[in-house]
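What you are looking at is a predicted structure, and each value in this text was computed from that prediction instead of being measured.
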Amino acid sequence: MAIERTFSIIKPDAVERGLIAEILKMITDSGLKIKGMKLIHMDRAKAEGFYAVHKERPFFGELVDYMISGPVVVSCLEGENAIENYRKLMGATNPADAEEGTIRAAYGQNIQNNSCHGSDGPDTAKTEVAYFFNDDELVG
Ligand code: IDP
């Protein structure tokens with residue numbers, strides 16, 4: 001299995017509740033390695049650009065408001081099958097449907113405030129990492 005990189009966000013609901021360390025521990029315990037990381041507070045344009053694929057969805061405005069409501073931790077994660085493995089570790093979008101042992105089951109509050117984001121495929125992983133990190137902000 002190839003080594004992949006994926007993109008992660010610890011979302012505002014989790015940062016606000018002091019859960020950065022707990023979620024990072026779940027990530028690193030799963031075997032994923034952190035290749036880049038920063039704490040940022042997105043402005044509206046940055047969040048709208050990030051979620052542009054959802055702009056026709058009814059929840060887009062609220063989603064953007066939520067994502068700019070406080071700081072987030074963005075990171076680039078690396079490991080075997082990292083994209084799929086991190087999606088599994090996050091659990092279902094709606095925390096009520098997320099399996100036990102997943103980040104969203106442990107910490108998600110509702111379908112919007114679900115504590116984490118992870119890229120859904122190789123193309124989005126590449127685009128999303130590049131949307132937040134310059135090459136010199138990632139370690140080899
Ligand atoms: P994912 O984050 O599990 O990949 P997506 O369908 O790509 O899920 O949705 C992106 C984000 O939009 C979700 O993580 C969640 O924060 C929010 N979201 C998804 N569906 C809903 C909804 O029905 N109502 C409100 N927010 C939603």
Side-chain angles (χ1 to χ4, degrees):
M1 188 77 54
I3 299 288
E4 290 177 333
R5 286 187 172 187
T6 192
F7 174 72
S8 158
I9 304 180
I10 301 177
K11 291 181 173 179
D13 69 273
V15 174
E16 167 66 25
R17 286 177 291 146
L19 296 169
I20 296 173
E22 283 81 351
I23 293 175
L24 288 178
K25 176 155 171 54
M26 289 177 79
I27 288 171
T28 52
D29 281 354
S30 80
L32 288 161
K33 300 253 185 292
I34 298 165
K35 291 288 162 175
M37 173 169 289
K38 49 194 170 188
L39 180 75
I40 61 167
H41 193 153
M42 278 188 263
D43 63 18
R44 187 167 295 277
K46 187 83 177 175
E48 284 178 352
F50 179 68
Y51 275 127
V53 296
H54 292 310
K55 68 174 181 295
E56 305 306 330
R57 315 246 321 244
F59 57 80
F60 178 72
E62 282 176 27
L63 175 59
V64 169
D65 287 345
Y66 155 64
M67 291 300 289
I68 66 174
S69 67
V72 298
V73 173
V74 291
S75 55
C76 173
L77 306 176
E78 185 179 270
E80 279 197 9
N81 209 17
I83 296 168
E84 193 184 324
N85 283 346
Y86 184 50
R87 297 279 300 180
K88 281 193 185 138
L89 179 65
M90 289 197 304
T93 306
N94 188 345
D97 300 329
E99 277 180 43
E100 199 163 330
T102 63
I103 295 169
R104 284 166 168 170
Y107 301 120
Q109 298 179 301
N110 55 55
I111 194 166
Q112 177 184 269
N113 298 13
N114 57 7
S115 300
C116 52
H117 166 86
S119 309
D120 62 5
D123 292 343
T124 38
K126 228 183 167 101
T127 311
E128 290 176 354
V129 169
Y131 192 70
F132 287 96
F133 291 97
N134 297 321
D135 284 347
D136 64 2
E137 295 176 308
L138 300 169
V139 298

[X] [atom1] to [Y] [atom2] distance, which is reported to the nearest 0.5 Å:
X: Thr93; Y: Ile111; atom1: OG1; atom2: CD1; value: 6.5 Å
X: Ile3; Y: Asn81; atom1: CD1; atom2: CG; value: 10.0 Å
X: Leu89; Y: Asp29; atom1: CG; atom2: CG; value: 9.5 Å
X: Leu19; Y: Leu24; atom1: CG; atom2: CG; value: 10.5 Å
X: Cys116; Y: Arg87; atom1: SG; atom2: CZ; value: 9.5 Å
X: Ser75; Y: Leu39; atom1: OG; atom2: CG; value: 11.5 Å

key: Main-chain N/O of Val64 paired to Arg44 side chain as donor or acceptor, under 3.5 Å   = no
Check for me, please, whether [X] and [Y] land in the same ILVMFWY cluster - side-chain distances under 4.5 Å, paths through other members count.
X: Ile34; Y: Met90; result: yes
X: Ile10; Y: Leu63; result: no
X: Tyr131; Y: Met37; result: no
X: Val139; Y: Phe133; result: no

message = So, using ring pair (Phe, Tyr, Trp, His ring centres under 6.0 Å) as the criterion, who are the partners of Tyr51 when residues are at least two apart?
response = His54
request  = Output all residues satisfying ring pair (Phe, Tyr, Trp, His ring centres under 6.0 Å) with Phe132, sequence neighbours left out; order by chain, then residue number.
outcome  = Phe7, Phe50
So do the side chains of [X] and [Y] get within less than 4.5 Å of each other, counting heavy atoms only?
X: His117; Y: Lys11; answer: yes
X: Arg5; Y: Leu138; answer: yes
X: Ile9; Y: Met67; answer: yes
X: Ile27; Y: Ser8; answer: yes
X: Tyr86; Y: Ile103; answer: yes
X: Tyr107; Y: Glu22; answer: yes
X: Gln109; Y: Pro95; answer: no
X: Ile68; Y: Asp43; answer: no

request  = For Lys126, look at atom NZ and say whether over 12 heavy atoms of other residues, nucleotides or ligands are found less than 6.0 Å away.
outcome  = no
request  = Output, in order, the C-alpha distance, side-chain angles, deciding distance and verdict of side chain to side chain contact (heavy atoms under 4.5 Å, CB included) for Thr124 and Ile83.
outcome  = CA-CA 10 Å; Thr124 38; Ile83 296 168; over 6 Å; no
task = With sequence neighbours excluded, tell me which residues meet side chain to side chain donor-acceptor pair (under 3.5 Å) with His41.
result =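 Checked His41 against side chain to side chain donor-acceptor pair (under 3.5 Å); zero matches.
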How close do [X] and [Y] get, counting heavy atoms only, and between which atoms?
X: Gly140; Y: Lys35; answer: O-NZ, 2.7 Å
X: Ser69; Y: Pro12; answer: OG-CB, 3.6 Å
X: Ser119; Y: Ala125; answer: OG-CA, 3.3 Å
X: Thr102; Y: Met26; answer: C-CE, 3.7 Å
X: Val72; Y: Val15; answer: CA-CG2, 3.9 Å

ask   = Excluding sequence neighbours, so at least two apart, what forms salt bridge (Lys or Arg N to Asp or Glu O under 4.0 Å) with Arg17?
value = Asp13
inquiry  = Taking side chain to side chain contact (heavy atoms under 4.5 Å, CB included) as the definition, give me every residue that meets it alongside Ala82, ordered by chain and number, with sequence neighbours left out.
reply    = Glu4, Thr6, Leu32
task = Return each pair, listed once, that meets salt bridge (Lys or Arg N to Asp or Glu O under 4.0 Å) where at least one residue sits in residues 128-140; pairs must be two or more places apart or across chains.
result = Lys38-Glu137
